[in-house]
Every structure is written in C-alpha cells, then in structure tokens.
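Notes to accompany the following structure.
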Amino acid sequence: MSHTALQARYGDEAPALNLPDLAVLDAMLNHRSVRHFLRDPLPANTVETLVAAAQSAPTSSNLQTWSVIAVESQGRREALANLVGPQRHLAVAPLVLVWLADLSRIERLGKAQGRHPVGLNYLDTFLMGVIDAALAAQNAVVAAEAMGLGTVYVGGMRNQPEEVAKVLGTPSNVFPVFGLVVGQPDPARPAQIKPRLPQSAVLHREQYQLPVDTQAEIGNYNSHLRAFMRAQGMKEMDWSTQVVERLLTPEALTGRHRLYEALRNAGFSYRDIEAQS
C-alpha cells in the first residue's frame, strides 16, 4: 500500500525505500485533500477525539498559544463558506475546525496576576501561536484519517479575517490562521493522491544545496502534475508557472496582502516591527 502511494506521490521519481509495515505510515502516505463530502453526521465524540490528538502535539515552552473553534451549525458554516471562496464543501461537511493563534489566554492570566507579559508584543510569539496551531491541526488530520474521515485545510480564512472573526466571535489577540473541513468523503467523487516535488527538491543534507538550474531542481514534476490534473478534469498548467503567478502581485494573494493590517485590527502589535519602521 505504501509503495503504491509513493508511486502516486512521486511518479517515476519515487524513491526506492524499504518501508516498514505500519498502519500510521500507510495513512500518512495515502493522504489526500477531500473536497466532496456526504452530509452524514460524524460519530459521537469526534470533535473531542480530534482535539485530544491535537493537544498531544508539541507546543513551544508548553505555552499552548492556540485554540480551535468547532463550527457545526449550518448557518455559520455557510457564512464561512462564502467568506473564504466561496468554497461550498464547508457548507456540506458537518464540521469545520478553525485553528487560532491565541495569545488572549496568556494575556488574561497576566491581568489576573496584575502583570503584563511584554513578550506577547513580539512577532516571535505570534509566530509561535501559528506554528503551534499548525502542529496541533496536523495531529487532528492524522487522527481523522485514521477514523476513516476526510479533511481539507482552508487557508482562505485569512482572506477576510476581520469578517471571519465576527462570525466566530473571537476576542482581541486571537487570529484565525486556517480552517479544517472534516466529514465523510463522498464515495461517488473520490479524491486522489496529489503529486509532490521530488525529494531532491526539498531534501538538503548538512547545508542548503543550490540547484544547477530550475529544471534540474524540479525534475519531471510539471509533467507529473499535468497528468494528475488531466485525470481529475482540471485545467492543466505547469506547476512552475502556477506558483509564480499565485504570488505575482498583491492582488493574487486574495486579500492576504493586508495581513499586517488585519493583525493590528485583531489587537496584535509588534514592537520589533514598529522599531524598524
């Protein structure tokens, strides 16, 4: 099973590995983003199980600078679906988990003690919250897929973060980093394993190794991904062109070019940035 997944992930450039026979490894290598869900309700205690897995992830200095909002009501999921795309699968799947960088908890603890943790006002602390949220969410993804559920991340939560915050009722010093849609995959529209860059493009040993040229760096990835797109009925485009166009202009960031402004509106302020400006 794992070897089949490696072939799907890397094509002709799949590494020849002697993989251990581990169910968790099979599940991780067979990961795919699901965007077509059934409306079926999730098993009892699914949310609590996923949060337990999430809280088992590492967290920097045990500060636990993240929170998650489980959105299950139809109206609120539809509101989020319209804000992030629209992406209709948010309104179809029964659960959307919105992962938050949350510094408000430590702020409240400081106020209760009559102290102000100045470290909250430095960029690294916010970055810590983002990293912690990502680590926690990925643990939840692995758990969900082990339970036979499908998932897909939603970075579009950052397109209109102030509006997302209104829907979620988040206080100052809390920021929606991304969403995670969870549900039963629609068997009539199965998701496939998406190809990735060859390992030689992302794996460096000891020091960063600059490639001879871009073609040598990405190998046959353009053609491999085109074949995937063709099989999925998607518009074909070379990955090397697609990624440059996705970041070519501020407008291409679909609202995320104003992230610093959105963070200020959410109550975050960073002394290290302000000192340099």
Side-chain angles (χ1 to χ4, degrees), residues 33 35 54 57-61 63-71 76-87 89-90 96-108 116-141 151-181 202 239 241-277:
S33 293
R35 292 180 175 83
T59 171
S60 182
S61 301
L63 294 180
Q64 303 181 65
T65 50
W66 66 273
S67 292
V68 62
I69 297 177
V71 182
R76 195 164 278 114
R77 285 188 290 109
E78 288 181 355
L80 291 176
N82 291 327
L83 287 174
V84 303
Q87 297 187 45
H89 45 279
L90 279 77
V96 178
L97 296 172
V98 184
W99 301 86
L100 313 168
D102 186 356
L103 305 186
S104 71
R105 185 163 41 244
I106 295 176
E107 183 181 41
R108 289 191 295 273
H116 174 62
V118 176
L120 290 175
N121 301 119
Y122 285 82
L123 182 59
D124 182 71
T125 309
F126 173 72
L127 185 61
M128 184 190 307
V130 172
I131 293 169
D132 275 9
L135 294 173
Q138 188 58 25
N139 257 29
V141 165
T151 65
V152 64
Y153 282 111
V154 183
M157 293 292 168
R158 302 190 301 280
N159 291 1
Q160 302 183 66
E162 292 96 338
E163 296 304 313
V164 169
K166 290 177 184 178
V167 172
L168 301 177
T170 52
S172 179
N173 268 340
V174 174
F175 192 79
V177 183
F178 51 81
L180 181 69
V181 184
V202 301
W239 178 84
T241 300
Q242 183 181 44
V243 294
V244 172
E245 290 189 357
R246 177 63 178 81
L247 300 173
L248 196 59
T249 64
E251 293 72 25
L253 297 176
T254 59
R256 302 179 210 180
H257 61 289
R258 50 175 301 278
L259 181 60
Y260 180 58
E261 177 187 353
L263 287 170
R264 292 298 297 265
N265 290 339
F268 294 85
S269 62
Y270 299 113
R271 298 188 178 187
D272 41 355
I273 288 181
E274 293 168 352
Q276 298 169 21
S277 60

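Residues: numbered from 1 along the sequence shown.
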Can you check whether Y153 reaches V141 side chain to side chain, under 4.5 Å on heavy atoms? yes
Roughly how far, to the nearest 0.5 Å, is CG of N121 from CZ of F126? 13.5 Å
On a heavy-atom basis, which atom in A134 and which in F178 lie closest, and how many Å separate them? CA-CZ, 3.7 Å
Gap between atom OG1 of T241 and atom CZ of R246 - 0.5 Å precision: 15.5 Å
So Q64 and D132, do their side chains get closer than 4.5 Å, heavy atoms only? no
Which atom of N173 lies closest to which atom of G267, heavy atoms considered: OD1-O, 3.2 Å
Does some side-chain heavy atom of L90 sit less than 4.5 Å from a side-chain heavy atom of E78? no
May I ask you to decide if V84's main-chain N or O and Q87's side chain share a donor-acceptor pair within less than 3.5 Å? yes
From R105 atom CZ to W66 atom CH2, the distance as rounded to the nearest 0.5 Å: 8.5 Å
Quick one: closest heavy-atom pair of V174 and A266, and the distance? O-CB, 3.9 Å
Rounding to 0.5 Å, atoms CH2 (W99) and CG (L180) come to a distance of 7.0 Å
Quick one: list whatever passes salt bridge (charged side-chain N to carboxylate O under 4.0 Å, His left out) with E163, sequence neighbours left out. K166
Given side chains that start at C-beta, do those of E107 and P117 come closer than 4.5 Å, heavy atoms only? no
Measuring only between side-chain heavy atoms, which start at C-beta, is F268 closer than 4.5 Å to T125? no
Do you know which two heavy atoms are closest between L100 and P176, and how far apart they sit? CD2-CA, 3.6 Å
Using atom types as modelled and distance alone, determine if a side-chain donor or acceptor of R76 lies under 3.5 Å from a backbone N or O of V167. yes
Would you say that L247 contacts V243 through its side chain, given a criterion of any heavy-atom pair below 4.5 Å between the two side chains? no
So, taking the atom named CD1 in I106 and the one named CG in L63, what distance separates them when rounded to the nearest 0.5 Å? 5.0 Å
Would you please name every residue forming a side-chain contact (heavy atoms from CB on, under 4.5 Å) with P250, sequence neighbours left out? H257
Let me have the donor-acceptor pairs involving side chains of residues 154-161, under 3.5 Å, with sequence neighbours excluded, atom names and distances please.
residue, atom, partner, partner atom, Å
R158, NH1, V177, O, 2.7
N159, OD1, T254, OG1, 3.4
N159, OD1, R256, NE, 2.7
N159, OD1, R256, NH2, 3.3
Q160, NE2, L83, O, 3.2

Could you check if a side-chain atom of L253 sits within less than 4.5 angstrom of a side-chain atom of L259, using non-hydrogen atoms only? no
Distance, nearest 0.5 Å, that separates CG of D124 from OG of S60: 7.5 Å
